[in-house]
Amino acid sequence: MNLPLITKENVAGKKVLVRAPFDVPLNGSRVADDTRLKSALPTLKYLLEGGASLVLIGKNGRPEGKRVKKLSLSVPAKHLAKILGRKVKFVPDVVGPRAEKAKKALKPGEILVLENLRFYPKEKERDLEFAKNIATGMDIYVFEDFPNAMNDHAGTTGVAEFLPTFAGEQFAKEIKKLSETMDNPKTPFVAVSGGAKISTKIEILKSLIARVDVLILGGGMANTMLVAEGYDIGKSLYEEEYVDAAEEIAKLAYDNAVELLLPDDVVVAGKPGPRAKTKVKAIDEVNKGEMIVDIGPKSIAKFSEPLKFAGTIFWNGPMGISEYKPSAGGTEGIAHIISESKAISVIGGGDTVASLGDDVKFDFVSTGGGATLEYIAGETLPTIKMFEKK
Ligand code: ADP
Ligand code: MG
């Protein structure tokens, strides 16, 4: 579908509510990676040039309905002021008298950031009274938070029930890119999935199996698959309560004639870390005291075979503990192979994107992780449905 975009002519003197991508990794009281914030700059500048005043809402992290000081949006708001080169006001509330007063006082060209929506349980409950309060005093709503596009919450789809709603440029671009490459993927379609836990991606993996020709699994999530296959993985991270689900995934792949690839060899360490001592081991040689921290060279070579001949590649999730140099080789290896392949390559995920060096190139690097996965697995995102309903 064509998402409705806002035009400059329509925003002069208007108060525009923008759901913005404030979900950024932090390093203490600093923004560690501002890729997402930067992706929203064109929309913000465009609206400001048009003479609008902006009220920005969003969430960061998972404060689970409580005020968590270090997750205050004052931190990304300050960073935004810097990269936008403009003053940004901040109120440590989303609703209530202080927020109301600040919204009312806002003049054309001014920007106000409200507090982390997830400090309020009503956000995830999609409380429409809460959404209505957020929308009060605003003229237009622009959704520009693709990384949270899979969330059906008060401050994503709820506010759209009270205001004329438009798609932000970046959100529309992500959807367009993903639909161009993924709705009719050039075959063979190879998906690579990694990351820490299988539990967070299990449903998506099932849907992915219906769409891909080859599914490559690495990282911590592969450990649970390996346990399901009967391997002893020492003290590696895995999820006991998901071993049955892992077996189901293997069976589903078999029934759908999807080639499922798991690591044959792994990098192990006593303890992961920036100076960890590592060893390469065949998957049936892992000892009790060892932890799998990465995939090994044989696994990289095995995974490279289908990647070389792929028509389309989608990748989400590091192959190992990529934050630490001694366990980043597998992720870097896979990044290079995908970068060099002729396939159309799409990559998504906060940690995956953070692990990339400057020497790799992909057709599309999405700012989303979960949202990208859901889209690729064939789900209709609630933030797309909200436009269909209008
Ligand atoms: P993304 O943010 O790209 O979607 P995830 O958040 O799902 O990726 O997963 C990234 C995390 O997975 C990283 O913190 C990484 O350290 C962890 N991880 C990957 N492999 C392993 C492993 N073998 N053991 C423990 N953690 C792992
Ligand atoms: Mg992550």
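Just follow the structure's listing: the first ligand is 1, and inside any ligand the first atom is 1.
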Of the backbone atoms (N, CA, C, O) and the side-chain heavy atoms from C-beta on, which set of [X] has a member under 4.0 Å from an atom of ligand 1: side chain, backbone, both, or neither?
X	result
E323	side chain
T200	neither
I321	both

If we ignore angles and hydrogens, is there a donor and acceptor under 3.5 Å between the side chains of [X] and [Y]?
X	Y	value
S53	E110	no
T156	R19	no
T372	S366	yes
E115	S72	yes
H336	D359	yes
N316	K201	yes

May I ask you to check if ligand 1 and [X] share an N or O to N or O distance below 3.5 Å?
X	result
A196	yes
S322	no
I292	yes
T352	yes
G220	yes

Strictly below 4.0 Å, N to O, side chains only: are [X] and [Y] in salt-bridge contact?
X	Y	answer
K103	E100	yes
D139	K15	no
K176	E180	yes

**Report entry** Matching residue for E290 among K271, K281, K235 - test: side-chain hydrogen bond (donor to acceptor under 3.5 Å, both in side chains)
**Finding:** K281
Query - Parallel, tilted or perpendicular: ring planes of F171 versus F143, cut at 30 and 60 degrees - result: perpendicular
Atom indices of ligand 1 within 4.0 angstrom of [X] heavy atoms, with elements:
X	value
N316	1 (P), 3 (O), 4 (O)
L237	25 (C), 26 (N)
G350	1 (P), 2 (O), 3 (O)
G219	20 (N), 23 (N)

Of the listed options ([options]), which comes nearest to [atom] when hydrogens are ignored and any heavy atom counts?
atom	options	value
atom 7 (O) of ligand 1	M319, K201, M291	K201
atom 8 (O) of ligand 1	G349, P318, G369, P263	P318
atom 18 (N) of ligand 1	S327, P25, G320	G320

Query raised in the report: So, do F130 and Y120 have ring centers that fall under 6.0 Å from each other?
Result: yes
Query raised in the report: Any heavy atom of M221 sitting closer than 4.0 Å to ligand 1?
Result: no
Report task. Using the test ring-ring contact (aromatic ring centres under 6.0 Å, His included), find all partners of F189 that sit at least two apart in sequence or belong to another chain. Result -> none
Query raised in the report: Same cluster or not: are L26 and V68 linked, directly or through other Ile, Leu, Val, Met, Phe, Trp or Tyr residues, by side-chain heavy atoms under 4.5 angstrom apart?
Result: yes
Query raised in the report: So which protein heavy atom does atom 9 (O) of ligand 1 come closest to, and at what separation?
Result: G195 CA, 3.1 Å
Query raised in the report: Quick one: nearest non-hydrogen protein atom to atom 6 (O) of ligand 1, plus distance?
Result: D351 OD2, 3.0 Å
Requested in this report: Provide the protein N, O or S atoms situated under 2.8 Å from the Mg ion (ligand 2); waters are not included.
Outcome: D351 OD2
Report task. Evaluate the criterion side-chain hydrogen bond (donor to acceptor under 3.5 Å, both in side chains) for residue pair E239 and T224; output intermediate values, then yes/no. Result -> CA-CA 6 Å; E239 293 170 286; T224 307; 4.6 Å; no
